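Working notes, beginning with the structure itself.
Model, not experiment: these values are computed from the prediction.
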Amino acid sequence: MISSRDNPKLKLVRKLETRRQRDKLGLFVAEGEDLVAGALEGGWKLEFALVDAARAPELPVRAEHVASQLLAEVSTLGHAPRVIGVFRTGRPEKKLPPLGLELWRVGDPGNVGTLARACDAFGAYLALSPGCADPFGPKALRASTGSIFRVPLTDFVPQGAVALVAHDAPPLTELDPSLSRFVLGSEREGLPEEVVAACAASATISLAGPAESLNVAMAGTIALYEWRRSHG
């Protein structure tokens, strides 16, 4: 049983709280039984798993027992998990469906995780540009509720997609039904002109109330729902 704060595996878990270290080492941390199970089922490569020695869950993989207080200390959760898994960031190969969201510099990890969850719900892929929040950071993982491990992930390519903008574009409901990829930008900056120009079309979500725009996660979810609804 691990009973020292100086254990190398506990030190590594603490180190992986920062994106710089996650990018450098090619590793991320999944906390809690649901996220660890989701990563394993999704085919992500496990480096090692740590479990609370006092309340260890059943796992399909070998795990090391850790003193309860020490596992709680390295956790980012408000309530200490029973298991922590360290996984490789190399994503399993998955076929991309026609429906997808392309995110341009969406920096809020909660929005990235929520959009991953929406993609999972509607059978879409998720693409991230440089400057997006890390989908494997703790906040994004929690917001995705494990969906990030099931959704096909790819790089940002706006060509042939639809730019979702707040104003001055045809309504989403009038969009060419053959277009099934949607580009969304950060809420503060939106989409730059060069990204919009690279897209095949632009569209907006019509609003009935006085709100100026929608949260990016809400807009992406509506776009996916509308496409699925219009295609039966």
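- The closest side-chain donor-acceptor pair between Thr76 and Glu31 falls under 3.5 angstrom.
- Checking each of Val86, Leu27, Asn7 against Val13 for a side-chain contact (heavy atoms from CB on, under 4.5 Å) leaves exactly one that passes, namely Val86.
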Handout entry: Step-by-step salt bridge (Lys or Arg N to Asp or Glu O under 4.0 Å) determination, Arg91 to Asp155
Key = CA-CA 12 Å; Arg91 57 196 183 210; Asp155 297 325; 3.6 Å; yes

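- Remark: Ile2 CD1 to His65 NE2 distance equals 10.5 Å, nearest 0.5 Å.
- Cation-pi contact between Lys94 and Tyr125: absent, since separation from the ring centre below 6.0 Å together with deviation from the ring axis within 45° is not met.
- Contact record, Val83 with Leu71: N-CD2, 4.5 Å, taken as the closest heavy-atom pair.
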Exercise for the section: Determine, stepwise, if the pair Leu35 / Thr145 fulfils side chain to side chain contact (heavy atoms under 4.5 Å, CB included). Expected result: CA-CA 7 Å; Leu35 287 182; Thr145 64; 6.0 Å; no

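- In His79, the NE2 atom is not crowded: 12 or fewer heavy atoms of neighbouring residues, nucleotides or ligands sit closer than 6.0 Å.
- With rounding to the nearest 0.5 angstrom, the CG atom of Asp108 is 8.0 Å from the CG atom of Asn215.
- Between the side chain of Gln21 and the backbone N or O of Lys15, no donor-acceptor pair lies under 3.5 Å.
- We find the NZ-CZ distance between Lys9 and Phe48 to be 6.0 Å, quoted to the nearest 0.5 Å.
- Dense packing is recorded around CD of Glu194, with more than 12 heavy atoms of other residues, nucleotides or ligands lying under 6.0 Å away.
- In summary, the side chains of Arg55 and Ser68 do not present any donor paired with an acceptor at a separation below 3.5 Å, with no hydrogens or angles considered.
- Closest heavy-atom contact between Ala30 and Val36: O-CG2, 3.5 Å.
- Dense packing is recorded around CD of Gln159, with more than 12 heavy atoms of other residues, nucleotides or ligands lying under 6.0 Å away.
- Of the charged side-chain nitrogens involved, none lies within less than 4.0 Å of a carboxylate oxygen, so that Glu189 and Arg105 do not count as a salt-bridged pair.
- Scanning both residues, Ser202 and Val162, for their nearest heavy atoms gives C-CG1, 4.2 Å.
- Separation of atoms CD1 (Ile148) and CZ (Phe28) is listed at 9.0 Å; rounding is to 0.5 Å.
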Handout entry: Full working for salt bridge (Lys or Arg N to Asp or Glu O under 4.0 Å) between Asp52 and Arg82
Key = CA-CA 5 Å; Asp52 187 328; Arg82 296 204 296 166; over 6 Å; no

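- Using modelled atom types, no side-chain atom of Ser186 and backbone atom of Val106 make a donor-acceptor pair closer than 3.5 Å.
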